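Quick caveat, the model's predicted, so the values are computed rather than measured.
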Amino acid sequence: MPLEDISGRIAAAEARAGRPAGSVHLIAVSKVQPDARVEAVLEQGHRCFGENRVQEAAGKWPGFRETFKDIDLHLIGPLQTNKARQAFDLFQSIHSLDRQKLAKTFARLADETGSCPELFIQVNTGEEPQKAGVLPADADKFVQDCVALDLPVKGLMCIPPADEEPSLHFALLAKIAARNGLEGLSMGMSGDFETAIALGATHVRVGSAIFGERTTS
Ligand SMILES: *Cc1c(COP(=O)(O)O)cnc(C)c1O
């Protein structure tokens with residue numbers, strides 16, 4: 001679907017929810033997409049992209065950055081502690097902060113480098129064993145721990161279970177964010193971003209609806 005159609009659907013969803021125009025950021029998820037498709041979206045003027053692997057992002061974005069200015073890159077996949085430094089150098093936002101060890105590493109890197117990407121804490125709203133994220137019951141404490149480390153926590157992120165109604169998970173994430181005074185909500189993908197916007201999403205992560213189906217995960 002053309003980028004402008006997605007932008008139009010986002011604008012309509014903002015309006016239906018009575019939210020200001022432009023209050024939702026569209027993160028175009030370019031993981032495993034052919035470079036030509038990514039370049040086409042860059043050429044249309046879009047600058048905000050998401051990747052789920054550090055290695056893959058390191059292979060393609062420095063090249064795009066030579067041609068296109070002001071690229072805003074978001075890490076939306078799990079991060080190993082030993083790749084945190086590389087992630088700091090590549091990404092303006094990280095949506096997968098989910099454990100103490102990573103929080104402490106970020107705090108140390110922020111001290112060393114004098115800056116830190118904007119952070120979203122991932123919450124495992126469906127309490128799925130195979131999925132990353134802090135459990136909902138542990139979220140308040142973890143937010144406080146991160147704030148105590150002076151980390152720039154922008155908000156929360158979730159990936160609802162594939163077989164459940166996403167709105168329940170979006171509503172839960174919004175509730176946890178509100179009671180912790182966090183404004184950022186990274187939620188909603190190709191199939192459910194309008195629902196997420198109705199429930200307060202500030203960042204939607206849309207891949208296949210923009211670029212077409214991926215051939216691998
Ligand atoms: C791949 C991915 C997306 C985008 O998924 P689509 O269904 O293609 O829009 C969003 N968020 C995360 C964390 C992802 O890994």
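- In this view, Phe142 satisfies the ring pair (Phe, Tyr, Trp, His ring centres under 6.0 Å) rule with no residue, not counting sequence neighbours.
- Salt bridge annotation for Lys60-Asp35: absent, with no cationic side-chain nitrogen under 4.0 angstrom from a carboxylate oxygen.
- Not one N or O on the side chain of Asp5 forms a donor-acceptor pair closer than 3.5 Å with the backbone of Met1.
- A side-chain donor-acceptor contact under 3.5 Å links Lys83 and Gln80.
- Under the 4.0 Å criterion applied to side-chain N and carboxylate O atoms, Glu194 and Arg9 are assigned as salt-bridge partners.
- Residues passing the side-chain contact (heavy atoms from CB on, under 4.5 Å) test with Glu165 are Ser167, Leu168, sequence neighbours excluded.
- Taking the ring pair (Phe, Tyr, Trp, His ring centres under 6.0 Å) definition, one finds that Phe64 meets it with Trp61, sequence neighbours left out.
- Placement of Val29 and Leu79 in two distinct hydrophobic clusters is found when ILVMFWY residues are connected by side-chain heavy-atom separations under 4.5 Å, directly or transitively.
- Residues meeting the side-chain contact (heavy atoms from CB on, under 4.5 Å) test with Asp192, sequence neighbours left out: Pro166, Phe170, Met189.
- Between His74 and Gln92, the side chains place no donor N or O within less than 3.5 Å of an acceptor N or O (distance only, hydrogens not considered).
- Side-chain contact of Ser186 with His203: a donor-acceptor pair under 3.5 Å is absent, judged by distance alone.
- Residue pairs meeting the salt bridge (Lys or Arg N to Asp or Glu O under 4.0 Å) criterion with at least one member in residues 143-152, sequence neighbours excluded: Lys141-Asp145.
- Side-chain atoms of Arg205 and Ser190 include no donor-acceptor pair closer than 3.5 Å.
- For Glu39, the salt bridge (charged side-chain N to carboxylate O under 4.0 Å, His left out) criterion is met by no residue, not counting sequence neighbours.
- No donor-acceptor pair closer than 3.5 Å links the side chain of His46 to the backbone N or O of Ala40.
- Distance check, rounded to the nearest 0.5 Å: CD1 of Ile71 to OG1 of Thr67 gives 8.0 Å.
- Formation of a donor-acceptor pair under 3.5 Å by the Glu56 side chain with backbone atoms of Glu51 is not found in this model.
- With hydrogens and angles ignored, the 3.5 Å screen pairs no side-chain donor or acceptor of Glu118 with any backbone N or O of Ser93.
- A salt bridge links Lys131 with Glu128: the closest approach of a Lys/Arg side-chain nitrogen to an acidic carboxylate oxygen falls below 4.0 angstrom.
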